[in-house]
Every structure is written in C-alpha cells, then in structure tokens.
2 protein chains.
Amino acid sequence: MPEQDPTKTRLLEAAGREFAEKGYELARVRAICERAGANLAAVNYHFGDKEQLYREVLLEAHRCGPDPSTAPELGALSTAEKLRAFIAHFIEHVIGLGDTDSWQNRLIMREIVDPTPALEFLVRESIRPRFEALRAIMREVRPDADAQRIDVLCFSVIGQCLHYKVATRVMDRLIGADRREALTAAYLADHIAEFTLAALGLGPPVASSEAQVRSQS
Amino acid sequence: MPEQDPTKTRLLEAAGREFAEKGYELARVRAICERAGANLAAVNYHFGDKEQLYREVLLEAHRCGPDPSTAPELGALSTAEKLRAFIAHFIEHVIGLGDTDSWQNRLIMREIVDPTPALEFLVRESIRPRFEALRAIMREVRPDADAQRIDVLCFSVIGQCLHYKVATRVMDRLIGADRREALTAAYLADHIAEFTLAALGLGPPVASSEAQVRSQS
DNA sequence: ACTTGATTGAAACGATTGTTTGAAACACGT
DNA sequence: ACGTGTTTCAAACAATCGTTTCAATCAAGT
C-alpha cells in the first residue's frame, strides 16, 4: 500500500474535524466523506460503520494530540517548579490553548464532558497517567495529607485549567471575545501557577499587578 | 384554564429530564410525550415544535433551578466571608451537588459546554449577574488590579467549582465512584474557599488535614 | 491481454426522526 | 340538548440518517 495520501487517512482527518465540531450524533457521514473528497460508501468500506470510525479517530486524536512524550521532565526540579511545569504543559498541550486549537483537543474535551463508551480507553491511556503525575507532586507538597485532600488539591489545579476550554463560549459573551482571546497560554499558565503555589504556601499571595508577581521569582 | 396538572406542565417536566439526560439532538419527542403520558402531537400543539419546547424548558430550568433570590446576602460580611459565602452558594445551588442533582442544573451545564442559540439568554439572565457579583468581591480584594487579573481570579474560583460538575464521569473512573461521591458539597465548598483565600493572602495556606484548617477560623 | 483482488461510484434501502393531518373526545356557556 | 372552541388521538407524511448494493474502475501479477 505505497500511497501518499490514501482515502482512509483523509477520512480520519475529515472525521476528526467533523466529530470535534458537531459531536458524534450531529456529525454526518455524508459531510465527512464530502470533506475527505471520498464517496459515501468509503466510511463503511474502510471502517465498517460510523461508530468504529469514531473509535479510530479518538485513537488518532490521542496519538497526535497531547503528546505524552512531551510530558515535563520532573527530575531535578524543586516541588514548586514541578508544579509550575505541570501547569504550563497542561495549559499549552492538553488544553491546546497555545497553538491553534486542534480538533484533537476539542474531540477529547467532548469525550470528557459527554462520554461515550470510548471514555474508558481515553482515561486509561491519556488522562490517568497525567493525573497520577500531578498526584505525585501534590503528595510531595503535602506528605501528611490524606487521599481525599490530595484529590481535591489536584482537582483545584485541573479545574482552573480546564475551565478555559470548557467555558470558552460563555467567556466570550461574559467578557467579550477580544478580551478572552487576550488571555494567552503563557499568561494563564503563570496566573494559575501563582494562584496555586500561593494557596499551597509555596509562594506569596497573588499580586495585584504583573510587576509584583515578577518581583519574587 | 383551571386544571391541576395540565398536559403542558407535564410536557415541560418530561422534556426537561429528557433534554438534560440526552441533550437536544438525542432527546426524542416521542420519548418526551411517553414520559408525560401525552400524545405525540401534544408537543407540536402546545409548543409549535421541538426547538420552541427546548427554549421554554430552558426558561423553566432557569426559574426553578438555581434561585437568584437565594443569592447570598453580602451586606455586613467581611471580604473573606463574602467570598466564602459565594463559593458555598455556588457549589450547593448552581452546581447542584448538594441536593439531588436536578435536571435543571444538568441542562444548564449542557448549554454552557455545548451552546445552542439559547445561550445568549441564559448568560444575560442567570450567569452574568452571578459573575458580576463575584467580580465585585474580587475588586474588593484587589482594588488596584487591572481588569484582566480580576477576570482570571474569578475564573480560578469558578473553574474549581464547575469542574466537579463538568468532569464527574471522568472523576468516577479516576478515583472511583465511591470516593467521588464522598466529596460532599460542604467539604468541597470548604476546600475551595480555603484554597482561594490562601491564594489571595486572606488566609493561611491549605493545610494537610481538616483539623489544621479548623484551627484558624 | 487476461485475471484477480482491492477500491470507488451512483443509487437505492430500511429505519427513524420531527411534523402534520383530520376526526374523535372533551369542556362549557347558552 | 346544542353549538363552539379546545384538547387528544391514531395514523400517516416528508425528510434525513446510516447503511447496503452491485456494477464500474483501478493496480498489479502472470
């Protein structure tokens, strides 16, 4: 099969965009095939049916989306810097707010909020490893905390980050699309890190202006 | 029209549950009518079509769901206590994690994450007032902060709260449904308040155990 | 050229959807 | 009892969806 851009590949790409935009139910097989420049029957020929296509797309989104190999190296960093690195990585790669927000991220976000049976796989392969990494950091910060407290501390971090992906549309109407887009990945990562470190007693309280924040690091 | 439980009322209730469970597209008019014990044509007779029914259900969810009149009285409280009261109110009423999670909350949450054209109304009537209230508190905490910093501070609070509604299914698979359900509204409200107050310098860093938290209040 | 297997194409199928229809049943003022 | 306007009902309609069909097309081995 020495082809340069086979129909099957184009279908996966087109299906990814369609599923991410519309969701599984609203995504139309006809629209996917049209995007891919393929015939209507191509989906059923290459993937069997719509559901199997969706699973393969989700698998592709996991592979090409947030790259596990770019997970921050947490070797010789201090605890505070580990946390800062985790947050920066999460914002930029998992949330996908740094680059052009890819269909991969939107698709995974849909699966989180409105799960299909494919969620189990997604948790096992992508979400849990990251969560365990954060949990390890939190245990380092608070060695004598019980499991429940560790959990909610992790959720406080993840919740802050994920909010910018989940509630994007509401934010646009709340503070204006221009001001929402002005919240760059770097700014958000910095804010959430400062906020979290201060809450954990690893840094000073969140300052009023950017200058004050910088004055301590 | 002196009736005790008219078809129109039963349809709104049934439609609310159906839309909340399945979402707008997956919700079936036939299922709604079956739940309401009404005829298939009842929807079109009383509401015109499915979309107008959805709008009226959303309006009903806004009225009977998170009650604006129960918004915390923020009169003579200190800034820290205002924030604590806001968070507790948000967790218990808006997230709906306190009582049985009603279809009203699930429906509104769907509208936030995956908006329909009805979002504009929802923001204007329900979300913006609450957001402005939080923004006022934050301005009180950081009088010299610019608008952008006020925004992200508010989002840090809301993001922490909303996460327990948005990612419930993922949490179940991540820490187990039993441990997730053990996170009561009171516990979460207390944690998020402590976390946020510490981040703002209005309280001590988040402690390792519950006892240490209590020792300062 | 012919065969074989994999792929593409246009058209149709069957099921399900929201919606409409027109008659029957009901409520109620006269 | 009658007439009138409202509400319910079973049935069908039109549109759309995912899926299937089967012939046409292509690539490569012989």
Side-chain angles (χ1 to χ4, degrees), chain A residues 1-61 103 107 110-111 114-118, chain B residues 1-61 103 107 110-111 114-118:
Chain A
M1 51 218 81
E3 303 174 26
Q4 48 183 4
D5 196 15
T7 306
K8 191 167 181 176
T9 305
R10 278 178 295 142
L11 275 176
L12 280 172
E13 176 75 14
R17 298 184 191 279
E18 185 76 7
F19 282 131
E21 285 179 14
K22 315 282 184 63
Y24 177 80
E25 308 294 335
L26 250 64
R28 305 301 172 202
V29 175
R30 282 172 168 83
I32 293 173
C33 292
E34 199 170 354
R35 280 196 195 218
N39 187 267
L40 175 59
V43 163
N44 294 72
Y45 176 76
H46 286 283
F47 299 95
D49 58 7
K50 186 183 178 182
E51 190 175 333
Q52 292 183 50
L53 169 62
Y54 179 74
R55 285 186 201 163
E56 293 224 33
V57 165
L58 210 65
L59 206 138
E60 195 71 11
W103 60 263
L107 192 66
R110 276 190 184 277
E111 189 65 31
D114 208 32
T116 72
Chain B
M1 49 220 81
E3 304 174 23
Q4 48 183 3
D5 195 14
T7 306
K8 192 167 182 176
T9 306
R10 279 178 294 141
L11 275 176
L12 280 173
E13 175 75 15
R17 297 184 191 279
E18 185 77 5
F19 282 132
E21 286 179 13
K22 314 281 183 64
Y24 178 80
E25 307 294 336
L26 250 64
R28 304 301 172 201
V29 176
R30 283 171 169 81
I32 292 173
C33 292
E34 200 169 354
R35 280 199 198 218
N39 187 267
L40 175 59
V43 163
N44 294 74
Y45 175 77
H46 287 283
F47 298 96
D49 57 7
K50 186 183 177 182
E51 190 175 335
Q52 292 184 50
L53 169 60
Y54 179 75
R55 284 185 202 164
E56 294 224 31
V57 164
L58 210 66
L59 206 138
E60 195 69 11
W103 60 263
L107 193 67
R110 276 190 184 278
E111 189 65 30
D114 208 33
T116 72

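Order of the sequence lines fixes the chain letters, A, B, ..., with proteins taken first and strands second; residue numbering starts at 1 for each chain. Scope of the values below: all heavy atoms of this structure, side chains included, with no hydrogens, waters or symmetry mates.
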Next on the checklist: Is the terminal nitrogen or CZ of A:Lys50 (NZ for Lys, CZ for Arg) located under 6.0 angstrom from the six-membered ring centre of A:Tyr24 and within 45° of that ring's axis?
Outcome noted: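 Yes - A:Lys50 lies over the ring of A:Tyr24, closer than 6.0 Å to its centre and within 45° of its axis.
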Next on the checklist: Given the ring of B:Tyr45, does B:Lys8 sit roughly above its face, with NZ or CZ under 6.0 Å from the centre of the six-membered ring and within 45° of the axis?
Outcome noted: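 Judged by the rule (NZ or CZ under 6.0 Å from the ring centre, within 45° of its axis), B:Lys8 is not positioned above B:Tyr45.
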Side chains of [X] and [Y], heavy atoms from C-beta outward: is any pair under 4.5 Å?
{"X": "B:Glu111", "Y": "B:Tyr54", "result": "yes"}
{"X": "A:Glu18", "Y": "A:Trp103", "result": "no"}
{"X": "B:Asn44", "Y": "B:Leu53", "result": "no"}

Checklist entry - Taking protein heavy atoms under 4.0 Å as touching, what does nucleotides 17-25 of chain C look like 5' to 3' if B marks base contact, S marks sugar-phosphate-only contact and - marks none? => result BBBBB----
Checklist entry - Does a salt bridge link A:Lys22 with B:Glu25, judged by any charged N lying under 4.0 Å from a carboxylate O? => result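 Looking at B:Glu25 together with A:Lys22, the answer is no, because their closest N to O distance does not fall below 4.0 Å.
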Checklist entry - Does a side-chain N-to-carboxylate-O contact under 4.0 Å join A:Glu34 and A:Arg30? => result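 A:Arg30 and A:Glu34: not salt-bridged.
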Item to check | A:Arg110 (side chain) donor-acceptor with A:Glu21 (main chain) under 3.5 angstrom | outcome: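 Here the side-chain-to-backbone pair exists.
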Checklist entry - Can you check the B:Glu34 CD to D:dC9 C1' distance for me, whole Å? => result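 Atom CD in B:Glu34 sits about 15 Å away from atom C1' in D:dC9.
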Checklist entry - In whole Å, what is the span from the NE2 atom of B:His46 to the P atom of D:dT6? => result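 After rounding, the gap between these two atoms is 12 Å.
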Item to check | Phosphate OP1/OP2 of D:dT7: any B:Thr7 side-chain N/O under 4.0 Å | outcome: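 The answer is no; no side-chain N or O of B:Thr7 sits under 4.0 Å from OP1 or OP2.
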Checklist entry - Residues from residues 9-22 of chain A sitting under 4.0 Å of DNA chain C, heavy atoms only? => result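 Under 4.0 Å from DNA chain C: no residue of residues 9-22 of chain A.
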